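Protein chains get the first letters and strands the later ones, always in sequence-line order, with residue 1 at the start of each. These figures come from a predicted structure and were not determined experimentally.
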Number of protein chains: 2
Amino acid sequence: MSDAHVPAPTSRREQILKEAARLFAERGFHGVGVDEIGAAVGISGPGLYRHFAGKDAMLAELLVGISERLLAGGRMRVEEGGDSPAAVLDALIDGHIDFALDDRPLITLHDRELDRLREADRKRVRQLQRQYVELWVEVVRRVHPGPSESRARAAVHAVFGLLNSTPHLGRPGSLPGRTEMAELLHRLALGAFGAVDAEVEGAVVEGVAASRRAG
Amino acid sequence: MSDAHVPAPTSRREQILKEAARLFAERGFHGVGVDEIGAAVGISGPGLYRHFAGKDAMLAELLVGISERLLAGGRMRVEEGGDSPAAVLDALIDGHIDFALDDRPLITLHDRELDRLREADRKRVRQLQRQYVELWVEVVRRVHPGPSESRARAAVHAVFGLLNSTPHLGRPGSLPGRTEMAELLHRLALGAFGAVDAEVEGAVVEGVAASRRAG
DNA sequence: AAATGAGGTTAACGCCCATTAACCCGCCTG
DNA sequence: CAGGCGGGTTAATGGGCGTTAACCTCATTT
């Protein structure tokens, strides 16, 4: 999970990153000016250059950071709950939900502004993302051995979309609070995964039966 | 409002919109220049202003257009298959999947660049989106009467996230082809909705039982 | 007490880019 | 064949914005 338990210097740097993340998520990387970011932390304009090489550097640090933390968290959960695959999947889902609910701006940036990065950073982020996906795919396939790998991977992508849907919410009040939301998302994710190999009543789909035989 | 109901010449204008959509989705609204859009359709630069009032106008027309078509399509399906709620939900899901799979750029823009619109257009788009969501909520609640309205709405949002996940795909080849993908997404969506009120084995959640009694 | 450096400030520079001006050409109508 | 006018072109304009320069001021160190 997050390292919130460590007091953390909460230095300028981090404060800036936090505000920048919020602003980037709200109005897009190109849509927010350096002056705005500065204003958000009380200093103004080029003062940011004492802490970062430039606007791009902030985005890069944000995206690499989030990807690393997601992957690290996922690996931790996989190692810890080694007994039951289903329990591991539960843990992965909960972890991702915590992330989506607590760090909305970052989740948003994660798949919105990736292409604004320099080649090197972008490759690194993509690699981390891929590893995270594959982590999930392995666990999902242990719980649901039926479907082919490509189906499992597609399902994982889709469930990420589901879990990351919280940023796109409507007006507050029309939706459940955080704890109920977390529980609901968990259910939805499990329900989706469960449907990957389940035969929809009455209509057995060829591909599924075939891949199950091929196992 | 738009004069889209007129058959439409299918000419320049639409060609421009199509390319603009692609570019906006790829690099973001602020990330793509007018000259690029022009180049994509063979003319260059300010020639676009013979067809649109400005860059903003293109985005506005794209977003309003997509929202209107989604809502119109949804309403049509609801009216047509009036017999079984489950059948209507199936139709809604299929319709949305077709959209997500065929008009990826638009789906992306749909929830990425909404805030770049002028107040009036943005309000219109949001209203259309809300109506579309409520359409789904009603149908879902007919199929799954248990959960509260806010839960149903959250579930709909989440399933949208699931269905719209296709743009974020990895490298081609690691994922199923279009027809298998459509079938898989349909299953996942149904599985998710089915899990909204299903009691996860062993653990009955208070809220669900309560809202079911309250009907 | 002088020196240093971290962290700010405002002013200036320069590029990018949307939009506008001014001008052009070919078609279709009268 | 005159005259619009739809659809383009290139050049100019002007604002926004990232980045750099030059300068300031405390703390802390020596």
Side-chain angles (χ1 to χ4, degrees), chain A residues 8-63 109 112-122, chain B residues 2-3 6-63 109 112-122:
Chain A
T10 314
S11 58
R12 252 305 140 70
R13 222 186 137 73
E14 306 203 9
Q15 188 189 4
I16 294 173
L17 283 176
K18 188 176 153 192
E19 294 302 310
R22 184 177 56 79
L23 289 168
F24 288 161
E26 279 174 10
R27 301 211 278 286
F29 179 68
H30 291 293
V32 43
V34 154
D35 292 359
E36 290 179 270
I37 303 174
V41 298
I43 78 185
S44 224
L48 295 171
Y49 286 74
R50 297 288 169 195
H51 303 274
F52 295 93
K55 209 176 137 191
D56 306 6
M58 299 183 210
L59 183 64
E61 195 159 324
L62 284 173
L63 291 186
L109 290 183
R112 245 181 190 55
E113 312 279 3
L114 182 55
D115 336 298
R116 279 62 162 177
L117 260 51
R118 295 188 351 262
E119 174 72 10
D121 295 319
R122 191 178 19 185
Chain B
S2 76
D3 19 20
V6 182
T10 313
S11 55
R12 255 308 140 70
R13 215 182 145 75
E14 306 205 9
Q15 188 190 3
I16 294 172
L17 282 176
K18 187 175 155 192
E19 294 302 311
R22 184 177 55 81
L23 289 169
F24 287 161
E26 279 174 10
R27 300 211 279 285
F29 179 69
H30 291 294
V32 44
V34 155
D35 292 358
E36 289 179 271
I37 303 174
V41 298
I43 77 184
S44 224
L48 296 171
Y49 286 75
R50 298 288 167 196
H51 303 273
F52 295 92
K55 209 175 135 190
D56 306 7
M58 300 183 209
L59 183 64
E61 195 160 325
L62 284 172
L63 291 185
L109 291 183
R112 244 180 189 58
E113 312 279 2
L114 182 55
D115 336 297
R116 278 63 162 178
L117 261 50
R118 294 189 351 264
E119 175 69 10
D121 295 319
R122 191 178 19 186

Chemist: Just the rounded figure in Å: distance from C1' of C:dA18 to CZ of B:R118.
Modeler: 16 Å
Chemist: Atom CZ of A:R116 and atom P of D:dG18: how far apart are they, to the nearest Å?
Modeler: 14 Å
Chemist: Within this structure, what is the CG-CD1 distance for the pair B:L17 and B:I37, rounded to the nearest 0.5 Å?
Modeler: 10.0 Å
Chemist: Let me have a per-nucleotide readout for nucleotides 9-16 of chain C, 5' to 3', with B, S or -, counting only protein heavy atoms under 4.0 Å.
Modeler: BBB-----
Chemist: Just the rounded figure in Å: distance from C1' of C:dA18 to NE2 of A:H30.
Modeler: 15 Å
Chemist: Can you tell me the distance, in whole Å, between the OH atom of B:Y49 and the P atom of D:dT9?
Modeler: 14 Å
Chemist: Without decimals, in angstroms, what is the distance between B:F24 CZ and C:dC17 P?
Modeler: 13 Å
Chemist: Of the residues in residues 51-58 of chain B, which ones touch DNA chain D at a heavy-atom distance under 4.0 Å?
Modeler: B:H51
Chemist: Flag the pair B:E26 / B:V32 as yes when at least one side-chain heavy-atom distance between them is below 4.5 Å, and no otherwise.
Modeler: no
Chemist: Starting at CD of A:E61, measure out to CG of A:D121 and round the result to the nearest 0.5 Å.
Modeler: 10.0 Å
Chemist: When you measure from the side chain of B:R122 to the backbone N and O of B:A60, does any donor-acceptor pair fall under 3.5 Å?
Modeler: no
Chemist: Given atom CG of B:D35 and atom P of D:dA12, what is their separation to the nearest angstrom?
Modeler: 16 Å
Chemist: Does A:K18 reach the main-chain N or O of A:R13 with its side chain, forming a donor-acceptor pair under 3.5 Å?
Modeler: no
Chemist: Within the structure shown, what part of the strands sits under 4.0 Å from A:V32 by heavy-atom distance: base, sugar-phosphate, or nothing?
Modeler: sugar-phosphate
Chemist: In Å and rounded to the nearest 0.5 Å, what is the CD1 to CG distance from B:I16 to B:L62?
Modeler: 11.0 Å
Chemist: Measure the CE-CG distance between A:M58 and A:L63 for me, rounded to the nearest 0.5 Å.
Modeler: 13.5 Å
Chemist: First locate atom CZ of B:F29, then atom CD of B:E113, and finally report the distance between them rounded to the nearest 0.5 Å.
Modeler: 7.5 Å
